[in-house]
Enquirer: 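Quick one: the structure is below, questions incoming.
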Amino acid sequence: MDTRLESVREIVLERNPGENEFHQAVAEVFSSLVPVLDKHPEFADASILERICEPERQIIFRVPWVDDSGQVQINRGFRVEFNSALGPYKGGLRFHPSVYLGIIKFLGFEQIFKNALTGMPIGGGKGGADFDPRGRSDGEIMRFCQSFMTELYRHIGEYTDVPAGDIGVGGREIGYLFGQYKRITNRYESGVLTGKGVTWGGSLVRPEATGYGTVLFTQEMLRTRNQTFDGQRVAVSGAGNVAIHAIAKSQALGASVVTCSDSSGYVVDEDGIDVELLQQIKEVERGRISDYAERRGGSVKFVEGGSVWDVDVTVALPCATQNELDEADAAKLVKSGLVAVAEGANMPCTSKAADIFHDAGVLFGPGKAANAGGVATSALEMQQNASRDAWTFEYTEERLTDIMVGIHDRCAATADEYGKPGNYVVGANISGFVKVADAMLAQGVI
Ligand code: NDP
Ligand code: 2IT
C-alpha cells in the first residue's frame, strides 16, 4: 500500500484497538485509493483520509428495561454519526448480541460511501444495540425499543440524523421507536425514521428495496456479458428482510433460487424456495428455516450447521451478515462454475474471497453498491414525507430501478476511468469517496 494510505491506516489501527471489522472496512476502501490520491493531491493536503476515518460523533448509552419475569436487563446502545458532508446522517439500527463499537463503525463507514453512490443527499451513520431479540415477547421488544429511544431521541431529527432498520430491526421495531419519539417530542416528525408502516408515513417498496436492488444490480452486471437472470441457479444466504426479497425478485426474473439460511444452518429446495411460505414463517410466525424444511416436506433438505456455499450455483447472493463467505467458500464456488456474486449484506465476503472472485473473472458487486437500494428507497421515503405525499408501488419501483442502474453505470464508468474495467469494487470505492471528499474540501476543516 502507498505510504500516505499506510500511515493513516496505522493511525486508525492505533486509535481504534480491537475494532477488527472497522479496520477491515477501512482497508477495503483504502485498497482502491492510490490512483485517487495521485490525481487529487489536495485530498491528502487537507487530511481528508484522517478526517473521514474519524466519526463526527459517537454516542454510547445504557439501555435499561424490564423483562417479562420482572428482571431488570441492561444493554448497550450506540449511534455513530460518521459523516454529514452530503446530508443528515443516515443509516440503520442493528439489534444483535454481536454488536459492539467496531461493528457499528464498520457499518457506518461503509454507509458513507454507499449513500454517496445513491446520488441522494444523505450522510453516513449507523447504530444499534447488543440486544438479542430472539425469543423475546412482543412486550419485551416494545419496552426495549422505548428505552432505546428515550436516549436516542435527543440526537436524531429529519435534518440531523435519520435511522432505519438493519439486522433485528424491521417494521415492528421502527413502529415502537417512532411511537416513543413522537411521545417524548410531541412532534409527528415523519422524516425522523424510515422503514415506517405504509399507513403512517412509510414508503411502498421500502421493505422490498434492498433485496430487489441487489438483484437489479446483478442483472446489470450480467447484462455486460450478454446474460440474464433467466435460467440461473441461485444461492441466497440469510432468511430475513434482504434475503426474502432477493429470492422473490430473482424468481420473478426467471432464476431458480435453491437455498436460504440462518445462523443454525441452510435449506436446499431443488424446486425453488417457496417465498410465500418462507415469509409466513419468518415474518408472521417469527420461526426458523428448519420449520420451513419441515413444512415444505418432499425432498427439501435442512443442513444443520453447514455452509450454504457448499451448494453448486451460478449466482451467489450473500444476504445474511459480515464475513459469512470466506476464501475457501469462494474457491469452491468458482470451481463449480459461478458467474456472479452480489453482496446483499454488508461486507459478507472476506477480502480474500473477493480477490478470488476477481482473479477468476467472476462478476463481483460489492455491498456498498449492490445493497444500496434499501437506503436509496429510505431517501425516497424522506422525500415523500417532506412533500407530504405517497407514491404508488409502480412509480417507486421505477425510481429504485433507475437508481440501481445509475449506481451500476457510475461504478462501471469509474472503474474504466481508473484503468480497472469490470472491477466494481474499485468503481464503487472511488466514486463514493471522491464525492464525499469533494464536499468535505468545499466545507472547510470541520
Ligand atoms: P434480518 O434481521 O431481517 O435477517 C438477518 C438474517 O441473517 C437472518 O436470517 C439471520 O439468521 C442471519 N444472520 C444474522 N446474523 C447472523 C450471524 N452472525 N450468523 C449467521 N446468520 C446470521 O436482517 P436484514 O435482512 O435486514 O439484513 C441482512 C444483511 O443485509 C445485513 O448485513 C444488513 O446489514 C444488510 N443490509 C440490510 C438492509 C436493509 O434494508 N434491511 C440494507 C442494506 C444492507 P438468525 O435469525 O439465525 O440470526
Ligand atoms: O445497511 C443499510 O444500508 C441499511 N441497513 C439501510 C439503511 C437505511 O437508512 O435505510
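Just so you know, ligand 1 is whichever comes first in the structure, and atom 1 is the first atom listed for that ligand.
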Enquirer: Measuring from non-hydrogen atoms of Gly367 to any atom of ligand 2, is the shortest distance under 4.0 Å?
Expert: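 Flag not set, Gly367 not near ligand 2.
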
Enquirer: Looking at Glu381 and Arg206, does any basic side-chain N land under 4.0 Å from a carboxylate oxygen?
Expert: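 No, no charged N to carboxylate O under 4.0 Å.
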
Enquirer: Which of the listed options, Leu107, Thr118, Asp166, Thr194, holds the heavy atom that is closest to atom 5 (N) of ligand 2?
Expert: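 Comparing heavy atoms across Leu107, Thr118, Asp166, Thr194, the nearest one to atom 5 (N) of ligand 2 lies in Asp166.
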
Enquirer: Charged N to carboxylate O below 4.0 Å: is that the case for Arg295 and Glu285?
Expert: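 Looking at Arg295 and Glu285, the cut-off is met.
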
Enquirer: Inspect the contact between Lys368 and Glu28 and indicate whether a charged nitrogen and a carboxylate oxygen are less than 4.0 angstrom apart.
Expert: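 Salt bridge present between Glu28 and Lys368.
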
Enquirer: Please identify which atoms of ligand 2 are closer than 4.0 Å to at least one heavy atom of Gly91.
Expert: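 In order of numbering, the contacting atoms are 7 (C), 9 (O).
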
Enquirer: Using a 4.0 Å heavy-atom cut-off, which part of Arg206 comes near ligand 2: side chain, backbone, both, or neither?
Expert: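 Looking at Arg206 and ligand 2, just side chain atoms fall under 4.0 Å.
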
Enquirer: One thing to verify: whether Arg79 and Asp161 come together as a salt bridge, which I'm taking to mean a side-chain N less than 4.0 angstrom from a carboxylate O.
Expert: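 So Asp161 pairs with Arg79 through a salt bridge.
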
Enquirer: Which of the numbered atoms in ligand 2 are below 4.0 angstrom from a heavy atom of Ser378?
Expert: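 Counting atoms of ligand 2 from 1, those under 4.0 Å from Ser378 are 8 (C), 9 (O), 10 (O).
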
Enquirer: Which atoms of ligand 2 are found less than 4.0 Å from any heavy atom of Lys126?
Expert: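 The atoms of ligand 2 under 4.0 Å from a heavy atom of Lys126 are 1 (O), 2 (C), 4 (C), 5 (N).
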
Enquirer: How does Thr377 reach ligand 2, if at all, at less than 4.0 Å between non-hydrogen atoms: by side chain, backbone, both, or neither?
Expert: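 Neither; nothing of Thr377 gets under 4.0 Å from ligand 2.
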
Enquirer: My understanding is that we take every heavy atom of each candidate and find the minimum distance to atom 2 (C) of ligand 2. Doing that for Met382, Lys114, Lys90, which one comes out nearest?
Expert: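 Result: the heavy atom closest to atom 2 (C) of ligand 2 is in Lys114.
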
Enquirer: Below 3.5 angstrom, do we get any N/O pair linking Ala164 and ligand 2?
Expert: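 There is no such contact.
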
Enquirer: Less than 4.0 angstrom from a charged side-chain N to a carboxylate O is my criterion; do Asp312 and Lys332 meet it?
Expert: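 Here Asp312 pairs with Lys332 in a salt bridge, since their nearest N and O are under 4.0 Å apart.
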
Enquirer: Does atom CZ of Arg154 have more than 12 heavy-atom neighbours, drawn from other residues, nucleotides or ligands, at distances under 6.0 Å?
Expert: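 Enclosed.
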
Enquirer: Ion pair present between Arg51 and Glu56, side-chain N to carboxylate O less than 4.0 angstrom?
Expert: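 Answer for the salt bridge query: no.
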
Enquirer: Is it the case that the side chains of Thr214 and Asn371 hold a donor-acceptor pair, with the cut-off being a distance below 3.5 Å and no angle test?
Expert: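 Judged by distance alone, the side chains do not pair up.
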
Enquirer: Short N/O distance, under 3.5 Å, between Asn371 and ligand 2?
Expert: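 Among all N and O atoms of Asn371, none is under 3.5 Å from an N or O of ligand 2.
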
Enquirer: Salt-bridge test for Arg296 and Asp269: reply yes if a basic N is under 4.0 Å from a carboxylate O, no otherwise.
Expert: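 Asp269 and Arg296: salt-bridged.
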
Enquirer: Does the pair Glu294/Arg288 count as a salt bridge with the N-to-O cut at 4.0 Å?
Expert: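 Salt bridge between Glu294 and Arg288, a charged N being under 4.0 Å from a carboxylate O: no.
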
Enquirer: Check this for me: does any side-chain nitrogen of one of Arg286 and Asp138 sit under 4.0 Å from a carboxylate oxygen of the other?
Expert: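 A salt bridge is absent here (no side-chain N lies under 4.0 Å from a carboxylate O).
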
Enquirer: Could you check atom 7 (C) of ligand 2 against the protein and tell me its nearest heavy-atom contact, residue, atom and distance included?
Expert: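 The answer is Gly92 N, 3.5 Å.
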
Enquirer: Just to be sure I read this right, does ligand 2 sit under 4.0 Å from the backbone of Glu110, its side chain, both, or neither, counting only heavy atoms?
Expert: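 Near ligand 2, Glu110 shows nothing, with every heavy atom at 4.0 Å or more.
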
Enquirer: Can you sort out the partners of Tyr424 under ring-ring contact (aromatic ring centres under 6.0 Å, His included), two or more places apart, ordered by chain and number?
Expert: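 Testing Tyr424 for ring-ring contact (aromatic ring centres under 6.0 Å, His included), a comparison that skips the adjacent residues, returns Phe217, His408.
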
Enquirer: So if I only count non-hydrogen atoms and take anything under 4.0 Å from ligand 1, which residues does that give, chain by chain?
Expert: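 Within 4.0 Å of ligand 1, protein side: Arg94, His96, Lys114, Arg134, Asp166, Ile167, Gly168, Arg206, Thr210, Gly238, Ala239, Gly240, Asn241, Val242, Ser261, Asp262, Ser263, Arg288, Cys319, Ala320, Thr321, Gly344, Ala345, Asn346, Asn371.
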
